[in-house]
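Residues take their numbers from the sequence shown, with the count starting at 1.
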Amino acid sequence: MDERLTSTNRSHRTSELEVPASSAAVTGLSANQAMPFSGAAIGQQIDRQCPVGLVAEGANIADQGAGLFPDEAAEVRHSPRSRQAEFSTARACARRALARLGGPQVSLPVGRHRAPEWPQDYVGSLSHCADVAVALVAEAARFAGAGIDIETISAVPETLVERIATADERIMLTQLDRDESSIPWGLLLFSAKESVYKCCYQTTGHRISFRDISIRVNADGSLHAWPAGARSASRDGLTSGTEGLWTVAGTHVITAVWQQTDTNDEVEGIRSRAALSPWYCGGL
């Protein structure tokens with residue numbers, strides 16, 4: 001939501017149970033989704049899969065206004081209590097993540113286009129739903145951008161999928177749903193595009209359309225993103241090195257992405273593998 005991870009052959013996790021990556025093994029997910037799942041546990045689940053220099057924190061929404069800096073408190077002074085709690089919890093998560101990276105405990109004011117402003121040498125992203133807030137923070141020396149999104153599982157109107165998905169992505173969603181119908185793939189794609197949007201905004205300061213982004217979602221819990229069609233990767237702030245993860249935890253879908261600062265052989269390998277994938281939907 002507004003405020004406004006990478007490895008292969010790993011398991012994606014649902015609830016507190018580790019589930020093998022094969023899509024057939026996700027049977028019974030609906031029962032797991034009904035189980036309570038704490039915000040802290042969600043943060044830990046994402047954090048365990050983060051590369052070095054990138055950390056995640058999560059918490060259940062609660063009034064943490066006492067921990068806000070004066071300028072932050074002023075931003076939500078006239079907002080409903082629910083909004084104040086979301087705002088303060090997300091920033092509490094962000095400051096815990098910064099502390100783990102050795103970063104400063106400073107204000108994270110609302111900046112241009114409502115995006116949080118991060119201290120020098122750090123990039124990050126915040127997200128919340130009605131009951132959980134999450135933060136993803138990275139060292140700028142290692143990462144050009146990072147994005148995270150959390151959504152409460154609900155039905156996704158087909159009109160929304162048509163509006164955000166490319167033709168290749170709609171084919172991908174059909175294939176994924178045919179293999180494992182218990183995963184809300186349309187919502188997952190929406191969440192992944194939210195995360196990539198935030199990541200790209202940090203690298204360029206420009207807003208992009210969801211249709212400018214092509215995403216490949218893999219059943220093993222990984223995802224990869226590229227510029228869609230013939231749009232410029234440098235203008236969009238999106239490169240073949242933008243990658244991440246998705247997970248289902250309780251009644252939530254969470255996605256997180258990052259873009260590393262270096263363009264080394266590993267990133268070139270990602271480009272090559274993408275070119276061979278039947279789900280590749282880029283236009284590098």
Side-chain angles (χ1 to χ4, degrees), residues 1-6 10-19 21 23 25-50 56-61 86 90 93 125-136 146-158 160-161 163-165 169-170 172-173 175-177 179-199 210 213 215-225 243-258:
M1 293 184 63
D2 198 20
E3 282 234 268
R4 29 192 114 97
L5 274 130
T6 123
R10 67 162 177 263
S11 299
H12 67 266
R13 296 179 175 89
T14 62
S15 184
E16 295 183 318
L17 305 175
E18 186 162 316
V19 178
S23 58
V26 194
T27 330
L29 178 63
S30 296
N32 285 336
Q33 288 173 353
M35 297 172 63
F37 206 91
S38 76
I42 288 175
Q44 291 164 8
Q45 183 166 317
I46 300 298
D47 187 72
R48 283 195 296 265
Q49 301 178 71
C50 287
E57 287 281 344
N60 290 96
I61 299 292
E86 294 163 353
C93 290
S125 176
L126 307 178
S127 184
H128 66 80
C129 55
D131 58 340
V132 174
V134 288
L136 187 69
I148 192 167
D149 182 70
I150 183 167
E151 302 287 342
T152 302
I153 293 176
S154 60
V156 178
E158 184 60 32
L160 174 63
V161 174
R163 194 161 68 244
I164 69 169
E169 287 169 339
R170 289 195 292 273
M172 176 190 71
L173 291 176
Q175 293 173 336
L176 288 167
D177 190 65
D179 292 338
E180 183 45 67
S181 61
S182 66
I183 301 289
W185 298 112
L187 180 63
L188 200 155
L189 179 65
F190 172 81
S191 178
K193 293 209 172 194
E194 279 275 352
S195 291
V196 174
Y197 174 97
K198 298 174 186 179
C199 182
F210 278 6
I213 305 166
I215 290 179
R216 188 182 73 220
V217 176
N218 299 315
D220 68 354
S222 64
L223 58 86
H224 303 274
E243 49 190 331
L245 68 80
W246 65 268
T247 190
V248 175
T251 55
H252 303 87
V253 165
I254 309 98
T255 59
V257 302
W258 57 85

In Å, rounded to the nearest 0.5 Å, how long is the span from [atom1] of [X] to [atom2] of [Y]?
X: Asp177; Y: Ser182; atom1: CG; atom2: OG; answer: 9.0 Å
X: Ile183; Y: Trp246; atom1: CD1; atom2: CH2; answer: 4.5 Å
X: Cys50; Y: Leu136; atom1: SG; atom2: CG; answer: 5.5 Å

Mark yes or no for whether [X], through its side chain, and [Y], through its backbone, hold a donor-acceptor pair below 3.5 Å.
X: Ser125; Y: Ile148; result: yes
X: Glu169; Y: Ile215; result: yes
X: Thr251; Y: Thr152; result: no

By side-chain contact (heavy atoms from CB on, under 4.5 Å) - contacts of Leu173 (at least two apart):
Val161, Trp185, Leu189
Apply side-chain contact (heavy atoms from CB on, under 4.5 Å) to Ala135 and list each qualifying residue two or more places apart in sequence or on a separate chain.
Cys93, Ala94, Leu126
Taking the side chain as every heavy atom from C-beta outward, state whether [X] and [Y] have any atom pair closer than 4.5 Å.
X: Glu151; Y: Pro184; answer: no
X: Val134; Y: Ile42; answer: yes
X: Leu223; Y: Arg216; answer: no
X: His224; Y: Asn218; answer: yes
X: Phe190; Y: Glu194; answer: yes
X: Thr255; Y: Val257; answer: no

Could you pull out the closest heavy-atom pair between [X] and [Y], with the gap in Å?
X: Ile61; Y: Ala130; result: CG1-O, 3.7 Å
X: Arg170; Y: Ala165; result: NH1-O, 2.8 Å
X: Gly147; Y: Cys199; result: N-CB, 4.0 Å
X: Asn60; Y: Gly39; result: OD1-N, 3.1 Å
X: Val217; Y: Met172; result: N-SD, 3.3 Å
X: Cys129; Y: Ile150; result: N-CG2, 3.9 Å

Just grab all the salt bridge (Lys or Arg N to Asp or Glu O under 4.0 Å) pairs involving residues 125-134, residues at least two apart or on different chains.
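Non-adjacent pairs meeting salt bridge (Lys or Arg N to Asp or Glu O under 4.0 Å): zero.
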Does the side chain of Ser195 come under 3.5 Å of the side chain of Asp149 through a donor N or O and an acceptor N or O?
no
Given Thr247, Val253, Ile153, the one that forms side-chain contact (heavy atoms from CB on, under 4.5 Å) with Leu188:
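Among Thr247, Val253, Ile153, the one that satisfies the side-chain contact (heavy atoms from CB on, under 4.5 Å) with Leu188 is Val253.
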